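In what follows, a single structure is set out as structure tokens and then discussed.
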2 protein chains.
Amino acid sequence: MLTIKEIAERANVSRTTVSRVINNSGSVSEEARRRVLKVIEETGYVPSENAKSLRTKKTKVIGVILPKISTETSSRLVKGLDDIFAKEGYQILLANTNLNPEKEIEYLRLLKSRHVDGIILSATNINRPLVEEIYQLKIPFVTVGQYITGLANVLFDDYQASKDMVNLLIKNGYKNIAFIGVSEKDRSVGHLRKIGYMDAMKDHHLPVEESWIQKGIFNVDSGYECMKPIMEDSKIKPDAVLAVTDRLAIGALQYIKEKGLSIPDDIAVAGMGASELSKYISPALTTIDFSMEDAGREAASLLLEQINGENYQETIRMIKYRFMEGSSI
Amino acid sequence: MLTIKEIAERANVSRTTVSRVINNSGSVSEEARRRVLKVIEETGYVPSENAKSLRTKKTKVIGVILPKISTETSSRLVKGLDDIFAKEGYQILLANTNLNPEKEIEYLRLLKSRHVDGIILSATNINRPLVEEIYQLKIPFVTVGQYITGLANVLFDDYQASKDMVNLLIKNGYKNIAFIGVSEKDRSVGHLRKIGYMDAMKDHHLPVEESWIQKGIFNVDSGYECMKPIMEDSKIKPDAVLAVTDRLAIGALQYIKEKGLSIPDDIAVAGMGASELSKYISPALTTIDFSMEDAGREAASLLLEQINGENYQETIRMIKYRFMEGSSI
DNA sequence: TTTTTGTAGGGAATCGATTCCATAAATAAT
DNA sequence: ATTATTTATGGAATCGATTCCCTACAAAAA
């Protein structure tokens, strides 16, 4: 490995001068600058970021903690993050927790030890020890999708989105609306979207049967499975169903189609998340686009503000969602 | 920031001893070890990876260069990589070229300056300057999806897969088979899959009309657009079409459905890539699964072999593909 | 009792940059 | 002509770890 010392010797100057040339700082004669640049060119020398970081305390690396690495949501978020960070010369160091909560804390420490300039956390469930760890981290930090007091948050209005979707269904004449959710430990997707549904139903004085509300996990099969009890165990058969993710909705849709029922005439289906799938299945799924890329860009910008020492108080940035009309309702 | 020096002082030992405790090396009395561990526990000290790397020349970071960050292909590849790397304590540093070839070289240099322990490259087109840059890199290196002489390669048999798919179509009675490809600058997806198609047709003495062969880009709309000339300009209307990606196939499928034709009775459609979409559209797309996750795991393992000094010669690992039967042919 | 061996632990060099401070030379101001 | 500035440069400390080498002491072997 070529070092600054060698470059200095070959160019017949001191390391100091080489450093000045590289960083364009201090003053260097044209003569010396040319010599140094020539040697760098010839040798293909690249300064060690590592050594540099040790001294300057800046790494130009951002740690990104994700619950799952290969989901559409994650990859869009990362895309948005990278849009902004790349422009400013930052790179992304991935940390994939695979939904394992202990890994979150572990990675938080690891990222700290690596001296990342900032951390983006996209968590699914937020627990006490995690929050405590974050508080004592003292690194620029932004959380996406789940609210944490006192920090910079990029959030989706899960409650309102869910409520809006139910309202839309009601407006379209549906009354008996079933709901496929996920574990309420996931506050945003599990809890908030559920109470959004409940409140919308209550607001319109629409009764809800117990068997209308099912709980699944984040995949298509689970949506299919959840649809069974909704159809089989209900006294009043629902005329619509809202699923908290598109995958769940697509599973539901498959079950309904399999039973020979027509969508949306016999039963309407709505999803949330605007996965790419939703556009291409038939009928196209009516869903809500949460603009994960926007969220990523917003989160990146917030983090950069902190890194540049501009904004350290609690911040909440709500990302706008929009309806994606399909033909499933 | 807490340093090893402070821990040493508080535990009343030298930095050397603290280092020995952390790394379990050398010999340390139980007494001293306990004191050091206690202080570390109390203070929440985490050693600086940065300083450590400077000395040890190991970063436990792998650079991953991707042509596009939020595609299904990339995210599955990354998932596979992370499966293996995480287990061995390596983290992934992302470098997204956004299909810009200059960025590939730029990131190669950047990753080198960051002293990553290895690099995975998933490129779309390989050019001279890029290859030269790689050769003089002297860092463990694996390329995925495109062949580079003398290096470790994880490849897909694009030629054979394409040929097999055409053969399957022919076996099913189709004779007039159209082809939607992409730029041949992309050797694997553009060139190899095309000649696979051509050779299969030639082998069966099936003529190919010029307008049957169209070139698109990597998205659904483009597949739709490519289907137009195939249907409109051909003297003999094809009874089947092979697209080199699922997205192109789905675009084609949309066009066909829009024209009121039935799939596969009027015209069969085959894709390649086994995107998640392919399973859920109707009719389900017959396609080829290239197992990107396997490729990722394979690439990671190859890279680890190099890092551990075991394997530095040219290596080619062919990833097995398999047919995913839908109902589109 | 003397010599050997082994264990525990510290001092200081090292990794490859940046940066503070000092100095010399060149130029400008008085 | 003398002093004050400015410009160019280098020496050496520093960042926070690891690791080589040395010493002190205790236990085992002779």
Side-chain angles (χ1 to χ4, degrees), chain A residues 1-37 39-40 43-61 89 109-117 138-139, chain B residues 1-37 39-40 43-61 89 109-117 138-139:
Chain A
M1 194 63 207
L2 223 42
T3 74
I4 200 175
K5 195 174 151 211
E6 284 201 47
I7 304 301
E9 281 163 8
R10 296 208 200 191
N12 240 313
V13 293
S14 71
R15 321 210 298 274
T16 313
T17 302
V18 177
S19 174
R20 284 189 183 117
V21 170
I22 296 170
N23 300 292
N24 251 286
S25 60
S27 60
V28 179
S29 65
E30 260 322 302
E31 168 57 19
R33 158 167 283 114
R34 248 205 329 281
R35 281 206 317 272
V36 171
L37 288 175
V39 175
I40 290 179
T43 55
Y45 162 75
V46 246
S48 156
E49 281 296 323
N50 230 319
K52 182 171 177 169
S53 313
L54 182 58
R55 187 75 232 260
T56 61
K57 309 279 182 207
K58 293 192 161 45
T59 53
K60 288 278 178 178
V61 171
R109 297 221 177 106
L110 181 57
L111 291 176
K112 180 174 187 172
S113 78
R114 289 197 188 284
H115 298 283
V116 295
D117 290 345
K138 280 166 191 146
I139 296 180
Chain B
M1 193 62 206
L2 222 43
T3 74
I4 199 175
K5 196 173 153 213
E6 284 201 46
I7 304 301
E9 281 163 10
R10 296 209 201 191
N12 239 312
V13 292
S14 71
R15 319 207 304 272
T16 312
T17 303
V18 176
S19 175
R20 285 188 181 120
V21 170
I22 296 170
N23 300 292
N24 257 309
S25 60
S27 59
V28 180
S29 66
E30 260 322 302
E31 168 58 18
R33 158 168 283 115
R34 248 205 330 279
R35 282 207 314 274
V36 170
L37 287 176
V39 175
I40 289 179
T43 54
Y45 161 76
V46 247
S48 156
E49 280 296 322
N50 230 319
K52 182 172 177 168
S53 314
L54 183 57
R55 188 74 234 260
T56 62
K57 309 281 181 206
K58 293 193 160 50
T59 53
K60 288 278 178 177
V61 171
R109 297 221 177 105
L110 181 57
L111 291 176
K112 179 174 187 172
S113 78
R114 289 197 189 284
H115 297 284
V116 294
D117 290 346
K138 281 167 190 144
I139 296 180

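From a predicted model like this one, the values you see are computed outputs, not experimental measurements. All values below were derived from every heavy atom in this structure, side-chain atoms included, with hydrogens, water molecules and symmetry-related copies excluded. Below, chain A is the first sequence line, B the second, and so on; all start at residue 1.
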ask   = What do the steps show when you test B:K60 against A:R114 for side chain to side chain contact (heavy atoms under 4.5 Å, CB included), and what is the final call?
value = CA-CA 10 Å; B:K60 288 278 178 177; A:R114 289 197 188 284; 3.7 Å; yes

key: First-last contacting nucleotides on DNA chain D - partner chain B, under 4.0 angstrom, heavy atom   = D:dG16 to D:dC21

Positions of residues 43-59 of chain A (non-hydrogen atom under 4.0 Å from DNA chain D), listed by number = A:L54, A:R55, A:K57

ask   = Among residues 23-32 of chain A, which residues get a heavy atom nearer than 4.0 Å to DNA chain D?
value = A:S27, A:V28, A:S29, A:A32

My understanding is that only residues two or more places apart in sequence, or in another chain, count here; which of them pass side chain to side chain donor-acceptor pair (under 3.5 Å) with [X]?
| X | answer |
| --- | --- |
| B:R35 | B:E31 |
| B:S14 | B:T17 |
| B:S53 | none |
| B:S48 | A:H115 |

Distances for protein N or O near nucleotides 10-12 of chain C N or O, under 3.5 Å:
| from | atom 1 | to | atom 2 | distance (Å) |
| --- | --- | --- | --- | --- |
| C:dG10 | OP2 | B:S14 | N | 2.7 |
| C:dG10 | OP2 | B:S14 | OG | 2.8 |
| C:dG10 | OP2 | B:T17 | OG1 | 2.7 |
| C:dG10 | N7 | B:R20 | NH1 | 3.4 |
| C:dG10 | O6 | B:R20 | NH2 | 2.6 |
| C:dG11 | O6 | B:T16 | OG1 | 3.1 |

inquiry  = How long is the straight-line distance from OG1 of B:T59 back to CG of A:N50, given to the nearest 0.5 Å?
reply    = 7.0 Å

ask   = Got a second to check how far A:T56's OG1 is from A:N23's CG, nearest 0.5 Å?
value = 9.5 Å

To check you understand the geometry: which heavy-atom pair defines the closest contact between [X] and [Y], and what is its length?
| X | Y | value |
| --- | --- | --- |
| A:P47 | B:S113 | O-CB, 3.4 Å |
| A:I139 | A:V116 | CG2-O, 4.0 Å |
| A:Y45 | A:I4 | OH-CB, 3.6 Å |

inquiry  = Checking A:R20 now: which residues fulfil salt bridge (charged side-chain N to carboxylate O under 4.0 Å, His left out) with it, not counting sequence neighbours?
reply    = none

inquiry  = Going by salt bridge (charged side-chain N to carboxylate O under 4.0 Å, His left out), name the residues that satisfy it together with B:E6, two or more places apart in sequence or in a different chain.
reply    = B:R10

request  = For A:R55, enumerate each residue passing the side chain to side chain contact (heavy atoms under 4.5 Å, CB included) test, keeping only those at least two apart in sequence or located in another chain.
outcome  = none

task = Under the side chain to side chain contact (heavy atoms under 4.5 Å, CB included) rule, what do B:V13 and B:V21 come out as? Steps first, then yes or no, please.
result = CA-CA 11 Å; B:V13 292; B:V21 170; over 6 Å; no

Relative orientation of the end axes in the helix from C:dT1-D:dA30 to C:dT30-D:dA1, expressed as an angle to the nearest 10° (five pairs per end) = 50°

query = Does some side-chain heavy atom of B:R33 sit less than 4.5 Å from a side-chain heavy atom of B:E30?
reply = yes

